[in-house]
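A short worksheet on the structure shown next.
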Amino acid sequence: MTENKIHEAYASLMRGVQQLDLSGPCVPSDLVLIGHDAFPLAMNARGQVLMAASFYGDGRLVVLGHEAYLTAFPALMENALAWLAGSPCSSTRVVVHPGCKGLADALGGSRLRPEVGAFSKDDGVYVTDAYSVGPDVRDMVAFMKVTKGGLLIAGQAWSWAKDNPGQNTLQDFPANKVSSVAGIYFSDQPGELGTFPVPPQIPSSWLSVPIGKDFKDDLEFLLQGVSEFEIRGGAIPSEVLVHGPLAFPIGATPNGRAFLAGAYYGQGRVIVVTHEGYMGHEQMAPFWINALRWLDGGRNGPVGILPQLDFAFPLLSQSGLPCQKTGFKSDLSVYVGTCYSGDNAQNIQDFVAEGGGLLIGGHAWYWAQTHPGLNPMTEYAGNRILNRMGLSLLGSTLEAGRIKAPVPGQNGSEGYHFRHLLHRFAGHVTSGQALTGQEEARLKKLGGDCSNYLKMQAHDSASYTSVVEMLTNVLKETGIPQVGHASPVNNAKDHLLLSVGPEVYKACQDPDALLPYLFKDLSFKPVWPNHRVLISCSATGGEQWLSTGMYLSPGMKTHMAMPQEVIGKGWQVQIGCQTDNIGGAGELRRAPVVHERFPIDSQMMQVCNLWGGLLYLIAPPHTQVEGVEVVFQQVVPAPYYKSGVTTPAEWEILRNAPSPWAELEFENIIITLHSDVVRRLDRPDLLAALWDNIMRGVADLAAVPAKFPRKERFVVDVQISHGYMHAGYPVMMQSDVAWALVDPLAIRSSGIWGPIHELGHNQQRAAWEFPSHTTECTCNLWSVYVHEEVLGVKREQAHPNMSLENRQCRARDYAKGGRNLASWDMWVALETYMQLLDQFGWGAFKKVFAAYHTMQNVPNDNKSKMNLYAEVFSLTVMKNLSSFFKAWGWPIEPATEEKLSSLPVWSDHPMAQYD
């Protein structure tokens with residue numbers, strides 16, 4: 001179904017109706033809407049829905065919150081019957097239940113000519129009150145779903161609920177047995193009266209109105225005999241986002257992260273557990289027995305269990321319900337399956353909507369990790385089933401531990417609920433409603449959940465588009481915090497706005513109209529039209545970022561013409577150089593995520609990023625292209641210097657280019673930093689020569705070719721995900737490092753320890769690393785080597801911890817402390833390698849690293865790897881180093897000593913003095 005289909009339906013139904021006088025005396029029911037295709041027609045000032053419509057299968061449904069409305073609004077009823085009839089409506093037979101005879105009398109002169117009679121599946125449209133559905137439930141559902149029939153149901157359930165205490169109105173009220181299948185429920189809450197205008201577009205605030213259901217009865221049933229749940233480390237669950245009005249958490253951490261949840265969907269029910277392994281955990285047996293009975297709803301019908309869940313069959317059979325191993329079948333009472341296949345998504349949704357129970361298990365985190373760049377909310381199989389039911393599996397995980405079960409009916413026992421808190425936050429922003437301390441604490445989570453929810457991209461759903469509209473209105477009211485180094489954000493509200501802003505911008509109907517609300521002082525930079533860039537790439541390893549030297553301003557769109565060589569082959573466009581997600585930080589100096597990626601799957605594509613950023617083409621691993629051309633419709637030039645390409649005359653112009661980001665691309669490294677740092681750089685060629693030497697030094701020590709298969713990258717940013725710097729592709733650094741990277745004199749005189757340390761991290765290899773001991777240690781070998789051998793800076797001048805006094809003190813204290821390997825890390829561990837260096841020189845290290853390049857079947861455990869390293873280094877220098885490494889507390893085995901016994905022993909090593 002398309003988004004336009006719903007909006008066209010609303011326009012047809014409300015044509016010519018300007019306002020609705022619902023001031024009484026009839027008191028309607030508040031209608032609850034959950035269906036993907038359900039949408040409101042009439043709403044009161046409080047946001048309660050009093051009339052609604054939906055699609056189901058090939059048919060249509062209109063629901064009125066009171067039967068008196070059948071005769072109170074002739075024009076609306078004529079529209080409704082015409083819409084339900086479809087086209088051509090004049091030949092459609094419209095039959096009215098005897099209890100609704102007044103409608104037939106009122107419209108007797110219309111072209112539809114309703115007639116009074118009993119329901120028949122051969123009719124085109126049938127009108128009934130909400131109390132007379134009774135025996136025709138199955139036929140009415142099939143009437144809509146299969147024969148394209150139209151149903152109009154009118155009535156209210158609040159008085160029925162008073163007369164039937166203890167019954168579940170959502171499932172037991174007669175009309176709900178039909179209307180709920182299409183996602184519309186009569187609730188037991190009376191609607192407030194008044195005269196209400198009819199807006200030109202579908203009203204949206206209805207989603208935020210609490211429905212009055214606290215799921216107390218459901219939780220009491222499900223949690224009988226259950227006091228806690230245990231998340232075990234061997235079965236890592238995903239987090240489940242509980243976002244539907246009739247969805248509720250069952251097992252959740254104190255901060256609201258759920259791994260177990262339930263929902264009503266149509267006439268049926270669903271429970272999701274975010275790792276299927278828990279279905280077989282004996283500790284959860286009481287819950288699973290309760291769950292199957294809740295899902296079965298008293299039918300005592302057959303339970304079908306997917307054969308792949310064979311391990312759970314004995315436990316689930318304890319429910320007393322007849323269980324069988326089978327794939328999905330529509331004649332089951334409850335189906336137990338997994339989230340890993342979407343083959344029967346539509347059939348399973350219909351099965352539940354029409355009364356079936358679904359117990360479904362599985363996680364999404366592994367899928368998300370193994371499908372980078374794809375959207376779990378839309379492309380993960382389980383979410384194609386669950387999204388419409390108000391539940392979605394996220395790529396995030398929960399830590400192992402015990403989770404207390406909620407206490408039904410206790411204040412706050414309903415836990416965190418996305419939709420409820422979103423309503424409260426919207427009221428806080430737009431109306432100044434105060435939030436509780438607990439609500440404030442959960443705003444950060446709400447921001448992440450909003451971002452995930454918006455990624456569903458369900459633009460054909462009124463439920464989804466109304467959340468988009470609500471958040472759009474919030475952002476129009478507040479804008480986005482103007483965050484920066486001098487203006488950090490540290491409150492939950494601004495965190496949320498920075499997190500959700502980009503997703504709302506992408507999801508809203510008119511992002512260009514929203515942009516001025518988000519950036520109050522947005523200025524447009526001069527552009528280059530129809531700019532052409534030649535791309536060459538020889539990627540022998542991981543993916544490569546290919547710089548274009550171009551920038552897009554915030555919200556700026558550009559079309560790109562792509563060469564055939566890169567279409568549909570894993571290439572991507574990236575906007576933005578800062579790829580760290582800093583959403584976990586308490587204080588923000590920029591938005592949590594500021595880059596965007598787009599797959600290149602067509603010859604022409606349009607790209608845009610709310611935050612703007614430098615433009616890159618991302619080449620997939622093992623890619624070879626030469627001189628292919630990409631054409632940009634419009635781009636902003638960036639200060640971009642490329643060794644051997646950019647002439648001095650070109651640099652004089654380019655260094656003043658208007659982009660706020662600049663790049664310096666040298667032989668083996670690309671440095672990305674703010675443009676004001678390079679505008680005064682007169683001789684980038686001298687800086688290039690220095691960095692070329694540094695990078696050759698890095699390669700030299702690593703015993704690899706001087707030309708890297710992929711150039712390293714530095715990105716200097718106002719805030720990074722962890723630390724002052726961190727390794728990776730790119731290496732990320734804090735802003736105040738920028739000047740040190742581009743000042744050759746300072747580098748040659750004082751050194752540049754930190755950045756080389758990170759480059760050393762990128763050279764570390766698991767075969768000769770002993771985590772966590774050497775994680776922050778062996779990378780410093782590159783810092784020492786580059787400073788001494790390339791820059792001519794002595795090690796003690798390069799870093800204070802490298803002074804001879806500090807080195808000797810660390811070795812002495814380590815020996816006196818018992819040579820405990822638990823204390824052998826970072827600077828202490830580095831002294832081991834420094835003592836080897838002092839005795840055997842850099843040549844030995846280069847030979848050792850070279851030996852590992854061709855080594856096969858290297859062990860994985862530290863003990864074995866340390867013995868191997870002692871053996872390799874000993875054979876390289878032709879000395880038995882066993883006693884040296886044992887003096888450092890290494891677990892050298894007798895077998896290793898035996899292998900090296902023919903070599904002369906290094907007996908006068910530096911640690912011998914402490915024996």
Side-chain angles (χ1 to χ4, degrees), residues 231-241 253 257-261 272-278 308 338-342 360-387 391-401 445 447-449 451-457 499 502-503 539 541-545 569-574 576 578-585 592-599 601 618-623 710 720-722 726-732 761-762 764-766 769 771-772 775 860:
I231 295 179
R232 299 183 181 178
I236 302 173
S238 286
E239 181 179 358
V240 58
L241 173 59
T253 63
R257 303 182 67 217
F259 86 106
L260 183 63
V272 60
V273 60
T274 58
H275 195 296
E276 71 280 10
Y278 291 105
Q308 290 92 313
T338 71
C339 299
Y340 304 126
S341 172
I360 189 166
H363 54 76
W365 58 263
Y366 181 77
W367 186 96
Q369 289 180 6
T370 54
H371 295 78
L374 298 184
N375 182 355
M377 297 295 284
T378 58
E379 300 180 68
Y380 176 63
N383 284 338
R384 290 201 292 271
I385 299 171
L386 291 169
N387 283 348
L391 301 163
S392 298
L393 293 172
L394 306 179
S396 53
T397 62
L398 272 68
E399 295 181 356
K445 173 173 170 53
D449 286 348
S451 296
N452 282 313
Y453 179 86
L454 293 171
K455 288 185 176 75
M456 276 200 294
Q457 299 174 1
S499 172
E503 299 303 328
E543 69 173 28
Q544 287 192 25
W545 299 11
K569 297 179 180 178
W571 284 69
Q572 299 173 84
V573 175
Q574 178 173 300
Q578 313 130 286
T579 52
D580 274 7
N581 184 337
I582 60 171
V593 177
V594 291
H595 76 287
E596 287 279 355
R597 280 194 174 185
F598 307 87
D601 49 18
I618 308 299
H622 312 295
T623 298
R710 176 178 73 176
I720 64 178
S721 58
H722 55 276
H726 70 74
Y729 183 78
V731 173
M732 297 294 300
H761 271 306
N762 285 356
Q764 287 173 321
R765 298 294 178 263
E769 275 296 293
S772 60
T775 303
N860 294 319

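FYI, side chains are in, hydrogens and waters are out, and symmetry mates aren't considered; it's all heavy atoms of this structure.
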When you measure from the side chain of [X] to the backbone of [Y], do you find a donor-acceptor pair of N or O atoms at a distance under 3.5 Å?
| X | Y | value |
| --- | --- | --- |
| N387 | M377 | yes |
| S238 | H363 | no |
| E379 | N375 | yes |
| Y278 | R232 | yes |
| R257 | T397 | yes |
| D580 | I582 | no |
| W365 | I236 | yes |
| E596 | G576 | no |

If you measure from [atom1] on [X] to [atom2] on [Y], what distance do you get to the nearest 0.5 Å?
| X | Y | atom1 | atom2 | value |
| --- | --- | --- | --- | --- |
| T274 | L391 | OG1 | CG | 11.0 Å |
| W367 | L374 | CH2 | CG | 4.5 Å |
| R597 | I618 | CZ | CD1 | 4.5 Å |
| Q572 | F598 | CD | CZ | 10.5 Å |
| L241 | K455 | CG | NZ | 11.5 Å |
| L260 | H275 | CG | NE2 | 14.0 Å |

Any idea which heavy atoms bring [X] and [Y] closest together, and the distance?
| X | Y | result |
| --- | --- | --- |
| Y380 | G362 | OH-C, 4.4 Å |
| W571 | A619 | CH2-CB, 3.7 Å |
| S721 | H726 | OG-NE2, 3.4 Å |

* Start with the C-alpha gap between D449 and L394, add the side-chain angles, then the distance that decides, and say whether side-chain contact (heavy atoms from CB on, under 4.5 Å) holds. => CA-CA 9 Å; D449 286 348; L394 306 179; 4.2 Å; yes
* **Worked check of side chain to side chain donor-acceptor pair (under 3.5 Å) between Y340 and E276** => CA-CA 10 Å; Y340 304 126; E276 71 280 10; 2.6 Å; yes
* Asked: Would you say the side chain of C339 lies within less than 4.5 Å of the side chain of L393, judging by non-hydrogen atoms?
  ->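 Contact flag for L393/C339 side chains = yes.
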* Asked: Within a strict 4.5 Å, meaning less than it, do heavy atoms of the V273 and F259 side chains meet?
  ->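 Counting from C-beta outward, V273 and F259 do come under 4.5 Å.
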* Asked: CD of E399: more than 12 outside heavy atoms within 6.0 angstrom?
  ->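 No.
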* S451 and E503 side chains, donor-acceptor separation under 3.5 Å ->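 No, no side-chain donor-acceptor contact under 3.5 Å.
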* Show your reasoning for whether side-chain contact (heavy atoms from CB on, under 4.5 Å) applies to T579 and Q574. => CA-CA 10 Å; T579 52; Q574 178 173 300; 3.7 Å; yes
* L386 vs S392, side-chain contact (heavy atoms from CB on, under 4.5 Å): CA-CA, chis, key distance, verdict -> CA-CA 6 Å; L386 291 169; S392 298; 5.8 Å; no
* To do: Step through it carefully: locate the ring centre of H371, locate the ring centre of Y366, and say whether they are under 6.0 Å apart.
  =>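 Judged by ring-centre distance (under 6.0 Å), H371 and Y366 do not meet the cut-off.
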